[in-house]
Amino acid sequence: MSKTTADLLPCGDPVQFLNEQGELTGPGAEAEARGYTMPSDEDLLAVWRQMVIGRRFDTQATALTKQGRLAVYPSSRGQDACQVAPMLALQADDWFFPTYRDSMALVSRGLDPVEVLTLLRGSWHCGYDPVATNTAPQCTPLATQAVHAAGAGHGLARRGSDGVALCFIGDGATSEGDFHEGLNFAAVFNAPTVYFVQNNKYAISVPLAKQTKAPSLAYKGIGYGIRSEQVDGNDAAAVLAVTRTALEHASSGSGPFLIEAHTYRLEAHTNADDATRYRESDEVTQWSTRDPIARLRAYLTGTGALTAEIEEQVTAEAEEYAARVRERMNAEPEVAPLSLFEHVYAQPTPQLREQADLVRAEMDEVRA
Amino acid sequence: MSKTTADLLPCGDPVQFLNEQGELTGPGAEAEARGYTMPSDEDLLAVWRQMVIGRRFDTQATALTKQGRLAVYPSSRGQDACQVAPMLALQADDWFFPTYRDSMALVSRGLDPVEVLTLLRGSWHCGYDPVATNTAPQCTPLATQAVHAAGAGHGLARRGSDGVALCFIGDGATSEGDFHEGLNFAAVFNAPTVYFVQNNKYAISVPLAKQTKAPSLAYKGIGYGIRSEQVDGNDAAAVLAVTRTALEHASSGSGPFLIEAHTYRLEAHTNADDATRYRESDEVTQWSTRDPIARLRAYLTGTGALTAEIEEQVTAEAEEYAARVRERMNAEPEVAPLSLFEHVYAQPTPQLREQADLVRAEMDEVRA
Amino acid sequence: MSTQTQSTGTVTMAQGLNRALRDALTEDEDVLVFGEDVGTLGGVFRITDGLTADFGEDRCFDTPLAEAGIAGFAVGLAMQGFRPVIEMQFDAFGYPAFEQVVSHIAKMRNRTRSMLTMPIVIRIPYAGGIGGVEHHCDSSEGYYAHTPGLHVVTPSTPADAYSLLREAIASPDPVVFMEPKALYWSRAELELPVTTEPFGRAAVRREGSDVTVVAYGPQVPNALKAAEVAADEEGWDVEVIDLRTLVPFDDETVAASVRKTGRCVVVSEAAGFGGVGGEIAARVSERCFHSLAAPVLRVSGLDIPYPPPILEHTHLPGVDRILDTIARLQWDDQPDVARLEVSR
Amino acid sequence: MSTQTQSTGTVTMAQGLNRALRDALTEDEDVLVFGEDVGTLGGVFRITDGLTADFGEDRCFDTPLAEAGIAGFAVGLAMQGFRPVIEMQFDAFGYPAFEQVVSHIAKMRNRTRSMLTMPIVIRIPYAGGIGGVEHHCDSSEGYYAHTPGLHVVTPSTPADAYSLLREAIASPDPVVFMEPKALYWSRAELELPVTTEPFGRAAVRREGSDVTVVAYGPQVPNALKAAEVAADEEGWDVEVIDLRTLVPFDDETVAASVRKTGRCVVVSEAAGFGGVGGEIAARVSERCFHSLAAPVLRVSGLDIPYPPPILEHTHLPGVDRILDTIARLQWDDQPDVARLEVSR
Ligand SMILES: Cc1ncc(C[n+]2csc(CCOP(=O)(O)OP(=O)(O)O)c2C)c(N)n1
Ligand SMILES: Cc1ncc(C[n+]2csc(CCOP(=O)(O)OP(=O)(O)O)c2C)c(N)n1
Ligand SMILES: [Mg+2]
Ligand SMILES: [Mg+2]
């Protein structure tokens, strides 16, 4: 096998810097040779802080479903390192392609949390401004965003931007044809697009073993000529390091990059799902001990970067953040039936104008 | 990289037994370790004979387009080794999934040539009986058959059959999502399905370099955990050897297998295509010198298996075969308008009965 | 179809469907149920609840997450004589399988002169009214009904859910089986063997003499409710037809009713333009023109992407819109042309 | 749109389309043309002939062979402000892109309250009459016309091909641009700038007073021919309307015509059930009921998979079937009910 061919395969084991106890043990020679470097304490502290806030946001959102304030919420608790670290690696020019599960990532990117929750709250639109935020609407039809990200990456390169399109995708969604087509287009057009697979081990109830027989999802990259890596997705340091390398790789014109992050979804698929039907509580308990926040906390406490004072302050910040979300979500969302007709086309068709008239007449009747 | 992971990758170079001069030079240590063994002279003579007949059939079919006897014909001249050798490796229980290009393969499997040409002649049906011949209708929507073959392979295994589903597919079609989904389903269900990619370097006008950046298409297998190989598709001995291994692998319960055969389409995409618009005649000339029939002929002449007498006899046989096809194709195809309604459903809907009445009334009017 | 006579009492439509799958799995070894999350989980709507436990993973199983894959895998299995019953988790998630459904499942019998058949059932939970977020409430029946080679079926009662699904599985041809999500938890009697109308027959759910309301799937209960209100409040005697199968279409029952009543309203939940509602209205007008006292009018979803929970009631045909439309049928001149053209 | 006035003499529709692409590529740097074989080859129908040579591979290029990929790539490029013009090589090969088209291209504006728009043109050579083998002659306009958020356009003349394609490319919204393959080589004058009806307006191709024939795309020439024959042989004065755009639909022109003539035949080539033809017939009946002297009748393709070259003339609405149907409009009683029900 030629050198270049080997370069397209991931490391034999997921890249890891911090072990489960938060001790610096990695990344090991193979990973080091690929240029993944340990982030600074400062960067890691920022990741830790945002993970604390992000998780608080996430638990708040789950709570809001119980109060009927959200129609549905897919939690990413347990995947916090994947949700947060790549966001802090993004530059302003970069575009982000999130899925329904990536609300924590969106707020970590700095988007307004209530805007982020708009769709899940029951509105018909994505809430935020995709152009102002360089962020595509959260994508529900699985894997379709993999192709959008290839096109957007190519578009960024055409515009002469250094920007990269970062595409999040789940392990289950890698089975969809659009994942394949997206990676292939990205490779053929040498698009600056990074695919970040959050392998949280389940697609709703279906475990990874029923999804693929690949040695790991990162082995899919070579089939497209795409450089690939697997990383411990609960090690925020490793996630940050590998994502940075991937973004640089893409931004510098070396083409797309595929990352598989091994992580775990601690909550059910959404609040509407009953995870006890398909997985053992043992498994969940075991993964709880690999908590990405605790791990980074242990490391940063060890280096002295994280003090009790900072921790207290960040905890308070997180509570405040959640309180503000809760409060704002208590306001009823705007209900304006006629807005349904406003954004189907730039100009409503005569047919839509008729239908709007009908609805308007009905509203008048009710009012009268 | 673990031993099993390496096993999923193809040999660094395409497996070859016979060089372009027809000298036995391969397969080399790497390929030998994988169990590919040189077929017997007897088997190779059968392949050579069928290639001669198959090619004659193919040129005859192209000629029939000029006489308006075929609506369209996609030739496989130059790909003769790929068309023929795998067919001779198939067992009776095996199912074959051909594309529009694989008419030569179908007649090599023993199907009636006029039945095979039915569709291309302008009829609405595939001509042959898929169940009696264990052969799916020729597939035009690209890559869709990759999933059918996974299902059929799984179905065969469920029935306790030793049969394998052999799926032909073009290089361009590997870009389709269905290729990905087919391979993945086959792997996950451990289906006895062999995917045989005829990499003839073009998808109509689009060269492989615009189709993929993979080191070779055979590198796609590892992403599904599928054992893969690349083979010199103009070396009938190598094609036969690798296909046999693949079929055994699948039949014995070891799961699917992906073969990439490097070959070349000497004719235009179809008779309606003008290949001079997108490729240099130099390239075609160069590939003409790698002719699979000449190569095997040289080898078999060298071993003494192929004598002038046999050659004469096979040439005559091929001419006779072509003459018979020509003759039978001269008969006008049956035209029975009402048959259009017969096979839409087992029982025509009331709506179709009404429409059939309308057509019947029109026919009566014309007759009257 | 089922041979034991037994009353199950009242059941939900979801239970009726589950029972139909169970009975089919029991009676025919070649029936296979598969799709996303249909195994261990029992489906996100629990329609396949307990099937893996009771029939084994061999008969009811999860697949990789790929709808074209699921449909294409069913094609391959059908080629080997199996009768796959597959699920598209939500209507909009059936679109990735569109090519497999339209170019293969619908056409294979024809392409092979009935030598290779596709006895595949594609179950699709469809339509809205359940507060689903975007992409979860499409009404895609129009796409399938417009595709020759497919049967398209949609029940509105638990008994129909049972009998139509049994008939669909027994059918030698592919059936797109559209399950109205909003009715999954609606309850009614289910007595086995069921004695519903056969496949291809519409059911007259309520007899009436003044106007025919043609509805299907999720809108049947609204049509019935509207009929009651119309009787109570306006004294109009509304006949309600539940189509049950869209393809084949029961022209006979519909035309007979409209010829009797002289008026017709067609109710469908999908976006109106180019959908099944237009087809029905056109057929009725073609066949019953000289019996009609007023134009056939339609009530349908708006021509917009399915809207969010907080606005879905604006989109959905409801009892009021059906009643308003019936009221507009009492024309003797053209009073409504003005209304239709108010926006010009 | 184009500013230079120049007569190109007679051109084929294929040339008109090519010219429109050229002018759009020249005028707007953000226009990108891509798809399968559209580059070096110039497309299997040569619609993109010479574009790569003249504008560079940067502006007109081949992609990998994957239609969902092509459509999704267009979505990503549109997000970056480009105006992709993509080709689905043949109608049936647009189905793999169905999810991208229906769930994203059609809905993105709505999902983002117009902050992210999809000025994408999806060119689809469609319909038959060219002796194509299976899967090469589908009429898929019904699927797209039933999808809110898409415009659906289909020209029948070289001038319309030019002007509608320019308008489609300039449109802020996605346009499914259905090109009737059978008319690619039809010739007519093309004078620039063209002065065709604007987007959304139907064209009255022939005025008449007895009956309105509504047609679009490949069937317009047949409708015109039928009108001539009807005038010559029966003395019927047929008005022929070419819809040009299916979405938006020009109710005004169509209704005005039918109110004038009192009779209407709708011609579409697609399988009839659940297609655009039914929608048109339903709309006309709704709007013009009291002006109608006879039911609105339809002429359409049969409800079968598109048949092979040797039988396609049986499937296609042709001049004779249009004439037969016009003849059936001269009812004063119900003579045709018997015919419609002959099969029962
Ligand atoms: C095309 C499509 N099919 C099915 C679904 C329904 N669905 C939503 S999430 C989900 C599981 C996705 O699993 P994975 O990709 O692993 O992401 P995760 O939810 O674990 O983050 C499914 C099947 C969908 N949204 N889109
Ligand atoms: C889904 C689909 N898209 C497009 C086409 C049109 N088409 C027919 S053959 C072909 C090229 C196929 O190339 P390849 O897979 O390399 O096979 P080859 O023709 O070289 O044997 C194309 C684009 C098709 N048949 N199906
Ligand atoms: Mg997952
Ligand atoms: Mg090829």
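Order of the sequence lines fixes the chain letters, A, B, ..., with proteins taken first and strands second; residue numbering starts at 1 for each chain. Computed from a predicted model, the values in this text were never measured in an experiment.
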C:E269 side chain vs C:G128 backbone, donor-acceptor pair below 3.5 Å: yes
A:E280, CD: over 12 other non-hydrogen atoms inside 6.0 angstrom: no
For chain A, the option from C:T63, C:I310, C:L302, C:D37 that forms the most heavy-atom pairs under 4.5 Å: C:D37
Members of residues 93-105 of chain C whose heavy atoms come closer than 4.5 Å to chain A: C:F93, C:P96
A:R279 to A:Y202, cation-pi by 6.0 Å centre distance and 45° axis angle: yes
Top contributor to chain C interface from A:S175, A:A143, A:S339 [non-hydrogen pairs under 4.5 Å]: A:S175
Heavy-atom side-chain proximity of A:I259 to A:Y195 below 4.5 angstrom: no
Side-chain (A:K220) to main-chain (A:L183) donor-acceptor, under 3.5 angstrom: no
Residue A:L119 versus chain C: region with a heavy atom under 4.5 Å: both
Interface residue of largest heavy-atom contact number with chain A, from C:R46, C:H313, C:E36, under 4.5 Å: C:R46
Interchain contact, A:A203 with chain C, by part (heavy-atom threshold 4.5 Å): both
Interface moiety of A:A336 toward chain C, non-hydrogen atoms closer than 4.5 Å: backbone
Parallel, tilted or perpendicular: ring planes of A:Y264 versus A:W287, cut at 30 and 60 degrees: parallel
Donor-acceptor pair, side chain of A:N271 and main chain of A:Y73, under 3.5 angstrom: yes
A:Q138 portion near chain C, given a 4.5 angstrom heavy-atom threshold: backbone
Option among C:H135, C:H315, C:E312, C:H136 that satisfies the side-chain hydrogen bond (donor to acceptor under 3.5 Å, both in side chains) test with C:Y306: C:E312
Engaged part of A:I204 at the chain C interface, taking heavy atoms whose separation is under 4.5 Å: both
Residue part contacting chain C, namely of A:A356, when any heavy atom lies under 4.5 Å: neither
Sidechain-backbone polar pair: C:R298 side chain, C:G277 backbone, donor-acceptor under 3.5 Å: no
Top contributor to chain C contacts, counting heavy-atom pairs under 4.5 Å, from A:H125, A:H343, A:K210, A:R121: A:K210
Reported CZ-to-CD1 distance for the pair C:R263 and C:I326, which is rounded to 0.5 angstrom: 11.0 Å
Ring pair (Phe, Tyr, Trp, His ring centres under 6.0 Å) assessment of C:Y126 paired with C:F90: CA-CA 7 Å; C:Y126 85 116; C:F90 286 86; over 10 Å; no
Contacts of A:E332 that satisfy salt bridge (Lys or Arg N to Asp or Glu O under 4.0 Å) - sequence neighbours left out: A:R69
Closest-packed option against chain C by number of heavy-atom pairs under 4.5 Å, given A:L340, A:V206, A:V344, A:V359: A:L340
Pairs of heavy atoms under 4.5 Å with chain A: top-ranked of C:L311, C:D320, C:T40, C:T314: C:L311
Part of A:D273 within contact of chain C (heavy atom distance under 4.5 Å): side chain
